[in-house]
Amino acid sequence: MIDLSHPLFKVLAALLVLISWRRWAPVSYWYLIVFPRKAVRLRWTWRHVASGCGLTKKRLRWWFTTVPGLIASTGVVKVRRRFQRVEVDTKPWMGLPRPTRNGFRITFHLLDGQVPDDYAKVCERLAHAWRIEAVRVVGSRPGRVTLQGITHDPLTLVAPTAPPAEPSGGWRTEDLLRPVVGVLENGAAWRMDFRLIPHWMNAGATQSGKSNLINALLVGLASQPVALIGFDLKGGMELSAYEARLTALATTRAECLDLLSDLVAVMGARMLACRRYGVRDIWQLPDALRPIPIVVLVDELAELFLTADKAEKDQVTRTATALLRIAQLGRALGLHLVLSGQRIGSDLGPGVTALRAQIGGRVCHRVNDPETAVMTLGDLDPDALVAARSIAPEQPGVAVVTGSDGRWCRARSGYVSTDAAQRAAEAFADVTPSWAQVAASGLGHELPYESSPELVA
Ligand SMILES: Nc1ncnc2c1ncn2[C@@H]1O[C@H](COP(=O)(O)OP(=O)(O)O)[C@@H](O)[C@H]1O
Ligand SMILES: [Mg+2]
């Protein structure tokens with residue numbers, strides 16, 4: 001007869017419960033079992049970890065010390081206590097760790113002379129000391145820095161971005177030009193915020209997920225009253241599937257140049273309109289007067305810059321000049337660029353370096369060589385370059401993304417197949433403004449343009 005009350009059975013049963021809890025409800029398991037243990041360990045070991053990572057400072061402190069003194073005449077050793085200034089290691093004060101879905105956040109008080117960057121530099125050391133995936137600086141206030149510990153990488157799972165279901169699905173004012181395209185490493189939604197960062201560079205080797213990001217962008221923007229314009233010099237192979245939602249699509253170099261000249265002209269007209277109304281950008285205009293924002297999607301920028309002969313050289317120079325003008329003045333006038341390419345560097349031609357300098361948003365997918373990562377991410381923190389270079393080929397869509405504050409983050413675009421993007425484009429075909437509407441909008445002689453009904457959440 002098996003005795004079920006035997007302690008061994010109880011231990012086994014408890015183990016089984018824990019294992020199944022961890023397997024089937026990992027989030028609550030993390031909050032209730034793993035995190036408390038981790039938090040205690042973090043506080044307990046902080047002095048050693050801080051000292052190992054070079055975050056402590058030597059300070060002179062008054063301290064009671066015991067000094068052995070020899071009384072010469074008798075030879076007796078006598079221990080005396082003295083109040084004395086000694087050098088001690090001071091560690092930064094650590095706040096209470098706060099759990100998040102896939103890690104924790106901790107705020108530290110900076111010691112005199114420290115800056116948040118000192119913590120950004122030792123993130124990798126901290127991650128090893130704390131036995132977790134990664135540590136990132138996620139915020140700072142005067143005298144404080146907040147770190148995020150990431151216990152497991154949420155980017156290993158592909159998060160499909162839900163395409164807007166039906167054409168009647170509206171958009172919200174606060175989402176205008178701020179589409180969600182995936183998830184960030186800290187579990188938050190990855191929003192490409194064109195209102196904050198007007199132009200974006202989307203770089204990466206082939207099969208790294210550049211086109212997928214364009215699909216995600218298209219799905220995110222399809223329902224909004226925004227004109228989408230495609231430049232696809234791969235003969236329209238990539239973007240022609242979405243033609244229903246594109247206000248214009250250029251597939252040859254001559255078309256691209258024409259379209260760019262038209263866009264520069266539209267920009268000029270919008271500039272005059274802003275001057276007439278006495279505002280500095282279109283967002284200061286009342287809603288009824290605001291021109292339709294334009295997002296220009298360029299797939300394979302290099303194709304725009306390739307030259308075979310002298311005649312093409314002139315075309316390329318004009319293309320580069322037009323793109324540069326849009327990049328420089330577009331923000332205020334509602335023209336936004338998304339430039340995709342394998343390499344976006346000076347080897348494409350003289351205009352590209354100047355263009356790159358105007359593109360604030362950077363998305364760096366997996367790259368083949370370190371120079372491309374440097375080109376895309378600029379002289380951001382070297383850790384960002386390491387992160388970009390360590391993206392595995394089996395994780396397409398993972399990228400290093402710069403934020404508005406100059407910091408960087410790993411992110412993964414949601415998977416959007418060409419079919420899903422095409423369905424979204426077709427579903428919102430009637431939202432597509434015509435070129436005439438785009439050109440005339442905001443200039444006081446509007447053509448009728450029905451934007452999709454606004455949804456108040
Ligand atoms: N976020 C993602 N999640 C899952 N698979 C992805 C993701 N992004 C891209 N892929 C897959 O990777 C492959 C290459 O992506 P693609 O966007 O065509 O790369 P690129 O345009 O850089 O050559 C595609 O087959 C796509 O299905
Ligand atoms: Mg592609």
Side-chain angles (χ1 to χ4, degrees), residues 102 152-163 179-192 200-222 228-243 246 249-251 256 295-306 337-345 348 359 361-369 372-373 375-377 387-401 409-425:
N102 49 17
H152 61 268
D153 189 357
L155 306 183
T156 48
L157 292 177
V158 183
T161 29
V180 172
V181 292
V183 284
L184 296 177
E185 178 180 47
N186 58 20
W190 171 18
R191 255 177 212 284
M192 266 172 93
W200 287 83
M201 197 152 106
N202 170 22
T206 37
Q207 294 294 303
S208 61
K210 300 184 299 294
S211 300
N212 185 74
L213 180 61
I214 292 188
N215 293 356
L217 260 178
L218 189 115
V219 167
L221 290 172
L228 299 173
I229 288 185
F231 283 79
D232 180 1
L233 279 185
K234 288 184 188 161
M237 278 192 312
E238 301 275 347
L239 297 179
S240 58
Y242 318 138
E243 224 172 341
L246 297 180
L249 172 66
T251 55
C256 288
V295 178
V296 179
L297 305 169
V298 181
D299 204 348
E300 210 41 85
L301 185 76
E303 294 287 336
L304 273 180
F305 285 89
L306 276 183
L337 296 175
V338 179
L339 306 176
S340 305
Q342 301 193 31
R343 273 170 84 85
I344 303 178
L348 293 183
I359 311 287
R362 308 291 174 96
V363 179
C364 183
H365 289 95
R366 177 175 55 79
V367 290
N368 289 330
D369 54 330
T372 310
M375 252 178 230
T376 314
L377 297 170
R389 289 197 61 205
S390 53
I391 297 170
E394 6 355 303
Q395 291 201 339
V398 173
V400 171
V401 184
C409 189
R410 283 170 75 247
R412 188 169 196 179
S413 56
Y415 175 65
V416 182
S417 65
T418 310
D419 283 347
Q422 188 171 2
R423 276 199 305 277

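Given the structure is predicted, the values throughout are model-derived calculations rather than measurements. Counting starts at 1 for both ligands and their atoms, in listed order.
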Given S413 and N212, is the side chain to side chain donor-acceptor pair (under 3.5 Å) satisfied, shown in steps? CA-CA 7 Å; S413 56; N212 185 74; 2.9 Å; yes
Provide the number and element of each atom of ligand 1 under 4.0 Å from a heavy atom of [X].
X	value
P396	1 (N), 2 (C), 3 (N), 5 (N), 6 (C), 7 (C), 8 (N), 9 (C), 10 (N), 11 (C), 12 (O)
N212	1 (N), 2 (C), 7 (C), 8 (N), 9 (C), 17 (O)
T206	23 (O)

Suppose we screen for side chain to side chain donor-acceptor pair (under 3.5 Å). Which residues come up paired with E243, at least two apart in sequence or across chains? none
Residue-ligand contact A205/ligand 1, heavy atom below 4.0 Å: yes
Does some non-hydrogen atom of S413 fall short of 4.0 Å from ligand 1? yes
Salt-bridged, R343 to D369, with N to O below 4.0 Å? yes
Just verifying a value: how many Å separate [X] [atom1] and [Y] [atom2], rounded to the nearest 0.5 Å?
X	Y	atom1	atom2	value
L217	S340	CG	OG	8.5 Å
M201	R362	CE	CZ	4.0 Å
R366	K210	CZ	NZ	8.5 Å

Quick one, V401 with W190, criterion side chain to side chain contact (heavy atoms under 4.5 Å, CB included). Give me CA distance, side-chain angles, the key distance, then yes/no. CA-CA 9 Å; V401 184; W190 171 18; 3.6 Å; yes
Trace of the side chain to side chain contact (heavy atoms under 4.5 Å, CB included) decision for L213 with M192: CA-CA 10 Å; L213 180 61; M192 266 172 93; 4.2 Å; yes
Decide side chain to side chain donor-acceptor pair (under 3.5 Å) for Y242 and N215; before the verdict, give the C-alpha distance in whole Å, the side-chain angles of both, and the deciding distance to 0.1 Å. CA-CA 9 Å; Y242 318 138; N215 293 356; 2.7 Å; yes
Please work out whether any backbone atom (N, CA, C, O) or any side-chain heavy atom from C-beta onward of R412 is under 4.0 Å from ligand 1, and answer side chain, backbone, both or neither. side chain
Counting only protein N, O or S atoms and ignoring waters, those under 2.8 Å from the Mg ion (ligand 2) are S211 OG
